[in-house]
Amino acid sequence: ELTLHNIAEHLEISPWKVREYAHMLFGKSIHRQVRTLRMVEALQLLQTTSLTINDIAVQVGYENLPIFSAYSRNIIPPHLPHVEKITKGS
């Protein structure tokens with residue numbers, strides 16, 4: 001599991017330093033960067049597989065479909081055919 005604590009432990013620095021370096025590197029919080037990477041992967045899966053929205057949400061690290069749906073609306077273009085499943089709640 002990818003957590004701030006695990007990253008800090010792996011790099012042998014404090015969680016605060018991970019946050020600071022991540023913000024310097026990405027220009028945003030590490031949480032927001034991870035969320036963006038998850039949505040990029042979800043978009044790729046939407047375009048290249050026939051997985052359900054729920055399966056994609058789980059595969060990219062979300063156990064809660066409504067949270068995935070809320071985040072994805074800000075990143076994934078709504079005109080993709082599979083995205084209709086997100087907005088209709090299937």
Side-chain angles (χ1 to χ4, degrees):
E1 183 177 354
L2 185 62
T3 66
L4 182 64
H5 179 74
N6 290 347
I7 293 168
E9 192 173 272
H10 178 75
L11 296 174
E12 298 180 359
I13 59 176
S14 74
W16 292 106
K17 281 293 180 188
V18 172
R19 288 181 184 160
E20 181 182 336
Y21 293 149
H23 199 277
M24 288 171 42
L25 181 64
F26 305 122
K28 54 187 159 187
S29 72
I30 194 162
H31 176 74
R32 184 169 280 181
Q33 177 64 16
V34 168
R35 188 171 61 207
T36 299
L37 292 173
R38 286 176 171 170
M39 289 300 123
V40 167
E41 184 179 353
L43 178 58
Q44 182 179 16
L45 291 170
L46 278 168
Q47 293 175 323
T48 61
T49 72
S50 59
L51 292 172
T52 66
I53 295 299
N54 196 44
D55 290 341
I56 289 172
V58 170
Q59 189 163 334
V60 298
Y62 290 94
E63 294 178 13
N64 186 314
L65 187 57
I67 290 175
F68 173 78
S69 178
Y71 289 150
S72 67
R73 284 190 189 116
N74 296 324
I75 296 173
I76 297 175
H79 66 277
L80 294 174
H82 290 95
V83 177
E84 289 181 9
K85 294 180 186 176
I86 293 174
T87 58
K88 293 178 182 173
S90 349

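In this chain, numbering begins with 1 at the start of the sequence shown.
Taking both residues in full, the closest heavy atoms of A8 and S14 are given as CB-C, 3.8 Å, listed atom of the first, atom of the second, then distance. A pairwise comparison of heavy atoms in A57 and L65 identifies CB-CD1, 4.0 Å as the closest pair.
The line from CG of L51 to CD of Q59 is 5.5 Å long, rounded to the nearest 0.5 Å. The distance from atom CG of L11 to atom NZ of K17, rounded to the nearest 0.5 Å, is 13.0 Å. Interatomic distance, CG of N54 versus OG of S69, reported as 11.0 Å (0.5 Å rounding).
Residue pairs that meet the salt bridge (charged side-chain N to carboxylate O under 4.0 Å, His left out) test with at least one member in residues 37-60, sequence neighbours left out, do not exist here.
Transitive grouping of hydrophobic side chains (ILVMFWY, heavy atoms separated by less than 4.5 Å) keeps L37 and I30 in distinct clusters. Hydrophobic clustering (ILVMFWY, side-chain heavy atoms < 4.5 Å, transitive): M24 and V34 are in one cluster. Linking Ile, Leu, Val, Met, Phe, Trp and Tyr whenever their side-chain heavy atoms come within less than 4.5 Å leaves F26 and I7 in two separate clusters. Linking ILVMFWY residues whenever their side-chain heavy atoms come closer than 4.5 Å, directly or via other members, leaves V58 and M39 in distinct clusters.
With sequence neighbours left out, E9 forms a salt bridge (charged side-chain N to carboxylate O under 4.0 Å, His left out) with no residue at all. By the salt bridge (charged side-chain N to carboxylate O under 4.0 Å, His left out) test, K28 is found to be paired with no residue, residues two or more places apart in sequence or in another chain being considered.
Under the 4.5 Å side-chain criterion, counting only non-hydrogen atoms from C-beta, Y21 is in contact with I13.
Other residues, nucleotides and ligands place more than 12 heavy atoms under 6.0 Å from the CD atom of E20.
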Exercise. Can I53 and L46 be said to form a side-chain contact (heavy atoms from CB on, under 4.5 Å), step by step?
Worked result: CA-CA 8 Å; I53 295 299; L46 278 168; 3.3 Å; yes
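For T48 (side chain) and Q44 (main-chain N/O), a donor-acceptor pair under 3.5 Å exists by modelled atom type.
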